[in-house]
Every structure is written in C-alpha cells, then in structure tokens.
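Heads up, the thing below is written out as structure tokens.
Convention: sequence-line order gives letters A, B, ...; per-chain numbering from 1. Atom set for the values below is all heavy atoms of this structure, side chains included, hydrogens, waters and symmetry mates excluded.
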Number of protein chains: 2
Amino acid sequence: MSEVVNFPRTVEWRGGLPGILRLLDQTRLPLEEHYVELRELAAVHDAILRLVVRGAPAIGIAAGYGVALGLQTERALAPAVFAARARAIAAYLESARPTAVNLAWAARRVVERVEREQARGADSGALLEAALDEARAIAREDEAMCEAMGAHGRRLVPRSGRVLTHCNAGALATGGIGTALAPLYHAARAGQKIAVYADETRPLLQGARLTAWELSRAGLDVTLITDSMAARVMAERRVDAVFVGSDRIAANGDVCNKIGTYGVAVLARHHGIPFYAVAPSSTFDLTLAHGGLIPIEERDAEEICAGFGRRTAPKAVRAYNPAFDVTPAALVSAIVTERGVIEPVDEKNVRAVLSAASG
Amino acid sequence: MSEVVNFPRTVEWRGGLPGILRLLDQTRLPLEEHYVELRELAAVHDAILRLVVRGAPAIGIAAGYGVALGLQTERALAPAVFAARARAIAAYLESARPTAVNLAWAARRVVERVEREQARGADSGALLEAALDEARAIAREDEAMCEAMGAHGRRLVPRSGRVLTHCNAGALATGGIGTALAPLYHAARAGQKIAVYADETRPLLQGARLTAWELSRAGLDVTLITDSMAARVMAERRVDAVFVGSDRIAANGDVCNKIGTYGVAVLARHHGIPFYAVAPSSTFDLTLAHGGLIPIEERDAEEICAGFGRRTAPKAVRAYNPAFDVTPAALVSAIVTERGVIEPVDEKNVRAVLSAASG
C-alpha cells in the first residue's frame with residue numbers, strides 16, 4: 001500500500017492465539033477515530049448489534065474472527081464438544097443481526113472448517129488454529145476482492161479524477177479498500193489526483209459520517225453535498241463520473257443500492273455522465289430476472305422525522321422511508337466486479353463475467 | 001374560505017388603532033403552533049431578524065405592518081416630523097434583513113403613502129391611519145395574488161390529486177394560501193382529494209418543518225420523504241405532477257428556486273411527469289435573459305455539516321452549499337402567475353402573460 005492512500009483498518013485480528021479483535025468504532029465517526037479491542041465473545045455480539053462494525057463484508061469478517069475469539073477459551077473441551085461449541089457461538093453471533101447474510105455466511109464457514117478438521121481427528125488446539133486460519137482467509141479474500149475491483153475499475157476513473165459517490169461503499173464497509181471507492185484508491189495510489197463529491201445520503205448520512213471521513217483520512221480531496229445538490233454539481237460540470245456500490249444485483253444487471261442511487265443515475269444520464277456500480281460477484285442474485293423482484297425494506301419514519309438528536313418534522317406526520325431503490329441496467333454504464341467489468345450491462349454480459357475465473 | 005382547508009394566519013394585524021401585530025412563530029414549528037403578539041417596533045425588528053417570520057411575501061407584510069406599529073406611539077409629532085419618523089422606522093426594519101427585497105419594498109411603500117398624505121396636508125392621526133391602510137392593502141393584495149394563482153393553477157392539478165412539492169411555498173411564506181400550494185388548496189376546497197409527497201428539503205428542512213406541518217394542519221394528506229426518495233416515488237407512479245415555487249424567474253422562463261428543485265425537474269421529465277412553477281409576476285426579472293445570469297448564494301458549510309443539533313460530518317471537511325439552483329425553461333411544463341398560466345414556457349409567452357391585466 002502506498003503512502004498516498006492511508007485508510008483505517010476497520011476489522012483486524014491482533015496477535016496470534018490468544019489474540020484480540022480490534023474494530024474501528026463506527027458509531028463514534030466522524031468525530032473520533034476510536035478503536036475497541038474485544039477479548040470476549042459477548043463483546044463481539046454487542047459490537048455487531050450496536051453497529052460498531054457495519055457494511056456487509058466487514059460484518060462478515062468480524063463474525064468470522066468472532067467465532068475464533070469465542071473458541072479461544074474452549075481448547076480444553078473435547079474435539080466434538082469444541083465443534084458443537086463453535087456452532088453455538090455462530091448461532092449466537094448471527095442473532096445479533098439476523099438479516100445480515102454475510103454474517104451468517106462467514107460464521108458458518110468457520111464452523112464448517114472446524115467440523116471438517118474435527119472429522120479428520122484434529123485435537124481442539126488444532127481446531128482453534130483452523131478457526132482462526134479460516135477467519136483470516138475470509139478477511140484476506142475480501143481484501144483481495146476489493147483490490148481486484150479496484151484494478152478492474154481503475155480504467156473507468158475519468159482523467160479529471162472528478163467523481164461523485166452516494167452512501168459509503170469504501171474501506172469502512174469492507175476488509176479492504178471498499179467497492180465503489182476501490183477504483184478511486186487505485187487511481188490515487190498511482191498518483192492520479194482524485195476529487196470526490198460525496199452525497200450526504202439521507203436519512204442515515206453515511207456519506208457525511210463515513211465517506212467524507214474515510215476519503216479525508218485517506219488523503220483524497222472530498223467535498224460534501226446534500227443529496228439535493230447532485231443535480232447542480234452535474235450541471236456545473238464538476239464531476240465526470242459516478243461510482244456507487246450495490247446491495248444486490250439482478251440477473252439482467254438492475255442494481256439495488258441505498259435509496260437515492262436511482263435518482264443519481266437518472267441525473268447522470270441526463271447530463272451525459274457515466275454511472276458505474278462496483279460490487280463483488282457475491283452481490284449478484286441470478287435467481288432474480290430483474291430488479292423489480294428485489295424486496296425493498298421500508299424503515300421507520302423516525303429516521304426521517306427525528307434523525308439526529310432533534311425532531312425536525314411534525315409529530316403525527318406520515319413518512320415513506322424505503323431503504324433502497326433499484327437502478328435499471330439501462331442507466332448503468334458498467335458494473336465492476338472482482339472478475340472483470342460488465343459493459344454494456346445486460347444479462348449475457350452479467351453471466352459471461354460472473355462465470356470467468358476470479359481476479 | 002371553506003372548512004376543508006384550514007391553515008394558519010402567518011401575519012395578522014389585530015385590532016384597529018392602536019392594534020397589535022400577531023405572527024405565527026415559525027422558529028417553533030413544527031412542534032408548536034405558537035403566536036407572538038408584537039406591540040413595539042423593536043419586537044418586529046427582532047422577529048424578522050430571528051426568522052419568526054420568513055418567506056418573501058410574509059416578511060414584506062410584516063414590515064408594512066411594522067411601520068404602522070412603530071408609528072402608533074408617534075401621533076403627537078408634527079406631520080413633517082411624523083413622516084421623517086416613518087422613514088427612520090423603515091430603515092430600521094430594513095436593517096434586520098438587508099437582502100430581503102420584499103421587506104424594503106413594503107416598508108418603503110408605506111412610507112411613500114405617508115409622505116404623499118403629509119404633502120397633501122394631513123395631520124399625524126390621519127397619517128397613522130394611512131400607514132395602517134397601506135399595510136393592510138399590501139396584505140390584501142398578497143392574499144388576492146395567492147388566490148389568483150390558485151385559481152389559474154387549479155386546472156393543472158392532476159385528477160388523481162397526487163403531487164410532489166419541494167421546499168415551502170405555502171401559506172407560511174405568504175399573506176394568503178401560498179404559491180406552489182395555492183392550486184392544491186383550491187382543488188381541496190372544491191372537494192378534490194389531494195395527496196402530497198413533500199421533499200424534506202435539505203439542508204434547512206423547510207419541507208419537513210413547514211410544508212408537512214402546514215399541509216397536515218390544513219387537513220390535506222401529506223407524506224414526508226427525503227429528497228433522495230423523489231426518484232423512487234416517481235418510478236412507483238405515486239405522483240402525477242410536481243408543484244414548486246420560485247425565488248426568481250428569468251425572461252426566458254428559467255426558474256431559480258431552492259436547491260434541489262432542478263434535480264426534481266430532471267426526474268419529473270425522465271418519468272414523464274409535468275413540472276409546474278407557481279410564482280407572482282413580481283418574481284420575474286426581465287432584465288435577465290436567462291437563468292445562468294442569476295447569482296446563486298453559497299451558504300455556510302455548517303448547515304450541511306451540523307444541521308440537526310449534532311455534528312454529522314468530520315470537522316475539517318469541505319462542503320459545497322449553493323442555496324438555489326436554476327431549472328431551465330425546457331424542463332418547466334408551465335409557470336402559473338396571478339395573471340395567468342405561461343405554457344409552454346418561453347420568452348414570448350412570459351412577456352405576453354406578464355403584460356396581461358392582473359387577475
């Protein structure tokens with residue numbers, strides 16, 4: 001990693017065995033860069049629950065390490081009991097955020113590794129080592145995936161380096177340099193000047209709280225705007241491309257992402273500015289023919305009416321608060337994955353790139 | 001006024017002479033509907049300064065009444081001194097918000113009336129009556145102008161009654177039923193069901209604080225959304241027209257309004273939804289050939305970074321905070337004025353409608 005791009009380690013295992021799990025406390029951003037060092041399983045559960053760690057990949061990595069952390073004190077158990085304990089720990093961690101797919105996936109992956117080794121006759125000390133090894137592999141793979149997205153997406157970064165992003169799809173959400181921001185970090189590392197307009201991203205302000213902080217800390221030029229200013233920023237030709245992440249992508253390339261993304265895509269098209277989504281291949285759900293089939297979570301009206309320590313709307317007012325929206329493939333100039341770039345975005349190209357070898 | 005539409009009196013003179021100036025305290029909205037009763041000139045200055053009253057027409061009306069209020073205690077002065085005192089009061093009120101064009105216009109209009117009557121030999125009692133009469137005329141004319149915009153704009157309200165608005169261009173900003181909201185109030189009075197999606201309107205949240213409150217209080221159906229949700233609301237076919245106000249309109253029909261308006265116009269065009277601006281003829285500046293010539297105020301970054309009573313962005317982050325944007329005439333389906341509807345929007349039609357007789 002070059003010195004130009006200096007971003008925090010969101011999730012990190014420190015030491016060997018025994019070791020500790022160190023998390024950047026995202027609830028204290030953007031005002032404080034504070035790390036919590038977790039030594040006990042209950043603390044990991046609590047950190048996931050309180051959103052100390054957020055972002056699907058980062059939560060997964062924390063959960064993988066969480067299983068290893070929880071097993072550290074259990075090596076005296078007989079191997080079969082140790083494996084059963086691993087399953088119980090995974091279930092406990094999953095209960096912290098039941099809908100977080102990556103959490104369950106990562107915790108179970110560590111458990112399965114323990115089970116496999118136990119079936120082969122390993123002792124509990126070896127099982128513990130295997131658990132940590134698997135958790136490290138998850139973190140390493142995620143980091144490598146971010147790097148691959150950065151490498152593939154770099155050629156899409158405009159020569160001017162002036163881009164707009166929405167929400168946070170950066171290092172804070174992953175075990176590496178992020179998704180949407182990865183191509184920008186790659187370009188910056190190579191010495192290109194990058195200047196980012198960051199939508200604040202109402203209602204939860206991930207752009208203001210996280211993206212503006214992360215980019216500043218990494219040494220990249222960042223300017224914060226309200227979501228409603230993106231259109232004027234484009235009309236004034238202040239940006240030459242849009243980079244966003246994604247939560248789920250349908251087989252035809254329709255991109256589901258944080259609410260507001262679709263509006264940015266419409267504005268980008270109106271102004272002739274390319275719109276790129278960056279996401280690992282695990283984001284694609286090929287069982288969904290198109291984005292209209294993606295269920296959209298509706299969240300509490302309070303996020304809009306009383307979001308930041310003050311009530312800003314009448315008490316009884318109704319609010320509509322969809323957490324995500326869907327950008328039709330026709331508005332997406334390209335989708336960057338760790339396996340390559342899907343461009344133009346259609347079902348044939350989605351399937352072709354996803355079936356390519358990783359990297 | 002029918003019972004269906006029940007909105008507050010934003011600025012009101014109560015009693016005759018002596019009387020009091022009653023203002024709805026907009027700084028306490030949306031949580032409290034609290035009125036302040038002003039008996040002294042200094043209190044009017046303070047109320048304008050503290051934004052107890054806001055919205056160009058409403059400020060103008062308050063300033064007109066403010067001159068009369070300030071003169072109430074001065075009837076013992078000789079007529080020439082009384083007139084000089086009127087000029088001093090107007091200058092004092094103007095100093096509360098030096099850039100508010102309507103404030104200066106209304107205060108000076110009352111002064112000029114006093115001066116005219118004094119030149120004709122009226123005594124100070126008669127001059128005071130003339131001042132109040134002129135202030136009342138300003139209020140009455142504004143109310144009538146809102147009614148005329150409502151009447152002209154009503155045919156543009158879609159049959160479904162489902163519309164979207166941005167910022168606050170309603171009763172709270174005027175001496176009547178507002179500008180953008182006037183056609184909706186007219187339709188509601190006539191018994192049509194109206195359902196409004198109100199953009200919260202970052203950074204200052206006029207939509208959440210004022211529009212949502214005003215529409216609820218008037219008995220209209222209102223749903224609050226963040227600005228970033230407008231695109232999804234349109235894609236879901238939840239609205240069939242957009243109504244906004246305007247701060248300034250160029251000769252070619254380019255519309256300057258609260259930041260975010262331009263983005264809504266682009267989104268409306270993309271979804272095939274008509275986009276209407278509603279503004280009195282005094283909003284037009286025919287000396288400006290197009291909207292690119294309208295100076296756009298840039299406001300403090302703190303409005304974006306620490307707007308909700310809590311700092312939500314990193315301390316040193318740069319923000320871009322234009323207070324207004326310009327929607328090109330090509331994206332505006334029609335402009336409603338008190339003199340008629342400009343449709344399609346071009347310089348010829350702007351000049352034709354503006355030169356028509358009022359009403």
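For B/Val317 against A/Ser216, the heavy-atom pair with the smallest separation is CG2-OG, 4.2 Å. Shortest non-hydrogen contact noted between B/Ala231 and A/Gly263 is CB-CA, 3.4 Å. In plain terms, the two heavy atoms of B/Pro314 and A/Ala208 that are nearest each other are CD-O, 3.2 Å.
Near-neighbour residues of residues 321-328 of chain B relative to chain A, defined by a heavy atom under 4.5 Å from a heavy atom of that chain, comprise B/Asn321, B/Pro322, B/Phe324, B/Asp325, B/Val326. Residues of residues 234-250 of chain A that come within less than 4.5 angstrom of chain B, heavy atom to heavy atom, are A/Ala235, A/Glu236, A/Arg238 in numerical order. Of residues 223-230 of chain A, those residues with a non-hydrogen atom less than 4.5 Å from any non-hydrogen atom of chain B are, in numerical order, A/Thr223, A/Leu224, A/Ile225, A/Thr226, A/Asp227, A/Ser228, A/Met229. Residues of residues 290-305 of chain B that come within less than 4.5 angstrom of chain A, heavy atom to heavy atom, are B/Ile296, B/Ile304, B/Cys305 in numerical order.
To the nearest 0.5 Å, atom CZ of residue A/Arg202 and atom CG of residue B/Asp199 are 12.0 Å apart. Atom CH2 in B/Trp213 sits 13.0 Å away from atom NZ in A/Lys315 (nearest 0.5 Å). Interatomic distance, CG of A/Leu29 versus OG1 of B/Thr312, reported as 12.5 Å (0.5 Å rounding).
The residue among B/His270, B/Arg310, B/Arg269, B/His166 with the most heavy atom pairs within less than 4.5 Å of chain A is B/His270. For the set B/Val264, B/Val233, B/Val222, B/Thr211, the count of heavy-atom pairs under 4.5 angstrom toward chain A peaks at B/Val222. Contact count against chain B (heavy-atom pairs under 4.5 Å) is highest for A/Glu200 among A/Lys258, A/Glu200, A/Arg311, A/Arg209. Comparing B/Thr261, B/Leu205, B/Asp221, B/Thr201 by how many heavy-atom pairs each has under 4.5 Å with chain A, the most go to B/Asp221.
Using a 4.5 Å cut-off between heavy atoms, A/Leu331 touches chain B through its side chain atoms alone.
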